[in-house]
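For this chain, numbers begin at 1 and follow the sequence in order.
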Amino acid sequence: GVWRQTRALLFKNCLIKGRTKKSSVQEVLFPLFFLFWLILMSMMHPHRKYDEVANTDLGTLDASQLVNFVVGYTPPTRMAREIMKKVASDSSEEGIITEEYLSEEELQEASTLKPSNFVGVVFKDSMSYQLRFHDSIAMSSIYMESR
């Protein structure tokens with residue numbers, strides 16, 4: 001039955017491996033060689049550990065740069081309104097003005113009318129957003145090191 005066939009197949013494979021010793025040795029040594037090579041390369045280029053950066057006082061924000069500064073946002077959801085209300089309340093009295101737009105196209109039109117002091121915020125969901133400047137999109141600058 002099954003045991004006899006399994007034993008015959010195992011015996012056949014042992015005979016083939018015994019007759020082709022060169023390829024059998026290569027099947028064992030090549031993976032070990034590549035493993036050794038990977039370990040050697042990782043030892044030559046060790047992972048860098050960056051020390052903690054101490055807290056520093058950056059000083060106060062120059063309020064004159066924020067005079068009549070407009071932050072437009074879309075879509076006008078409840079979460080976006082709450083976030084932008086917090087942004088407006090944290091700024092100084094004459095500082096940031098928030099405006100809501102129904103679509104990205106309206107936001108784009110507004111940015112062409114006031115390009116010097118306008119920043120657009122497009123909320124993708126409750127946890128992510130994109131900043132839109134005149135004729136550009138600001139992408140995330142997260143630095144991630146990969147080994």
Side-chain angles (χ1 to χ4, degrees), residues 1-67 69-92 95-96 98 100-101 103-112 114-147:
V2 175
W3 175 246
R4 180 185 274 169
Q5 288 178 349
T6 305
R7 195 174 54 187
L9 185 61
L10 184 62
F11 183 68
K12 180 185 119 183
N13 286 338
C14 287
L15 284 175
I16 291 173
K17 292 294 178 189
R19 292 179 184 160
T20 57
K21 289 183 178 137
K22 183 178 177 184
S23 66
S24 299
V25 170
Q26 287 176 347
E27 284 181 14
V28 172
L29 291 183
F30 276 150
L32 291 176
F33 171 74
F34 288 123
L35 180 65
F36 171 75
W37 184 254
L38 285 172
I39 292 170
L40 183 68
M41 292 301 288
S42 69
M43 289 171 60
M44 288 174 60
H45 301 284
H47 181 69
R48 292 188 198 118
K49 181 173 184 209
Y50 296 101
D51 292 329
E52 184 177 315
V53 177
N55 291 338
T56 56
D57 185 16
L58 298 176
T60 60
L61 179 64
D62 186 10
S64 65
Q65 294 177 350
L66 296 178
V67 174
F69 194 77
V70 180
V71 178
Y73 65 95
T74 188
T77 60
R78 185 182 62 79
M79 181 66 73
R81 285 187 186 110
E82 289 177 15
I83 292 170
M84 296 314 287
K85 188 188 298 182
K86 178 79 173 145
V87 168
S89 68
D90 286 349
S91 66
S92 59
I96 298 174
T98 60
E100 73 178 41
Y101 295 94
S103 66
E104 288 189 50
E105 290 77 24
E106 288 183 24
L107 185 73
Q108 186 69 27
E109 289 174 20
S111 72
T112 57
K114 355 176 188 176
S116 62
N117 62 345
F118 187 86
V119 173
V121 181
V122 178
F123 289 95
K124 298 297 179 186
D125 55 37
S126 62
M127 298 300 290
S128 64
Y129 61 90
Q130 281 186 333
L131 295 178
R132 301 281 174 107
F133 298 98
H134 181 63
D135 294 333
S136 67
I137 298 174
M139 300 308 289
S140 174
S141 62
I142 296 173
Y143 173 74
M144 300 180 76
E145 182 178 355
S146 163
R147 261 183 93 140

Inset, instruction - With side-chain contact (heavy atoms from CB on, under 4.5 Å) as the test, would you mind laying out the steps for Val121 and Val71 before giving the verdict? - result: CA-CA 7 Å; Val121 181; Val71 178; 3.8 Å; yes
Inset, instruction - Under the side chain to side chain contact (heavy atoms under 4.5 Å, CB included) rule, collect the residues that match up with Trp3, sequence neighbours excluded. - result: Arg7
Nearest 0.5 Å, what's the [atom1]-[atom2] distance between [X] and [Y]?
X: Ile83; Y: Thr98; atom1: CD1; atom2: OG1; answer: 12.0 Å
X: Leu107; Y: Ser111; atom1: CG; atom2: OG; answer: 6.5 Å
X: Tyr73; Y: Arg81; atom1: OH; atom2: CZ; answer: 6.0 Å
X: Thr74; Y: Glu100; atom1: OG1; atom2: CD; answer: 8.5 Å
X: Cys14; Y: Arg19; atom1: SG; atom2: CZ; answer: 11.5 Å

Inset, instruction - For the pair Glu82 and Lys86, find out whether any cationic side-chain nitrogen is under 4.0 Å from an anionic carboxylate oxygen. - result: no
Legend entry - Pairs satisfying salt bridge (charged side-chain N to carboxylate O under 4.0 Å, His left out), at least one member in residues 20-32, at least two apart: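 Qualifying pairs, neighbours excluded: Lys17-Glu27.
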Legend entry - Results of side chain to side chain donor-acceptor pair (under 3.5 Å) for Glu104 - residues two or more places apart only: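 Here the qualifying residues are Arg132.
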Legend entry - Distance-minimising heavy-atom pair for Ala80 and Pro75: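 Distance-wise, the nearest heavy atoms are CB-O, 3.6 Å.
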Legend entry - Where Ile16 and Thr20 come nearest, the two heavy atoms and their spacing: O-OG1, 2.8 Å
Inset, instruction - Return yes when atom CZ of Phe123 has more than 12 non-hydrogen atoms of other residues, nucleotides or ligands closer than 6.0 Å, and no otherwise. - result: yes
Inset, instruction - Report, as yes or no, whether the 6.0 Å neighbourhood of atom NZ on Lys124 holds more than 12 heavy atoms from other residues, nucleotides or ligands. - result: yes
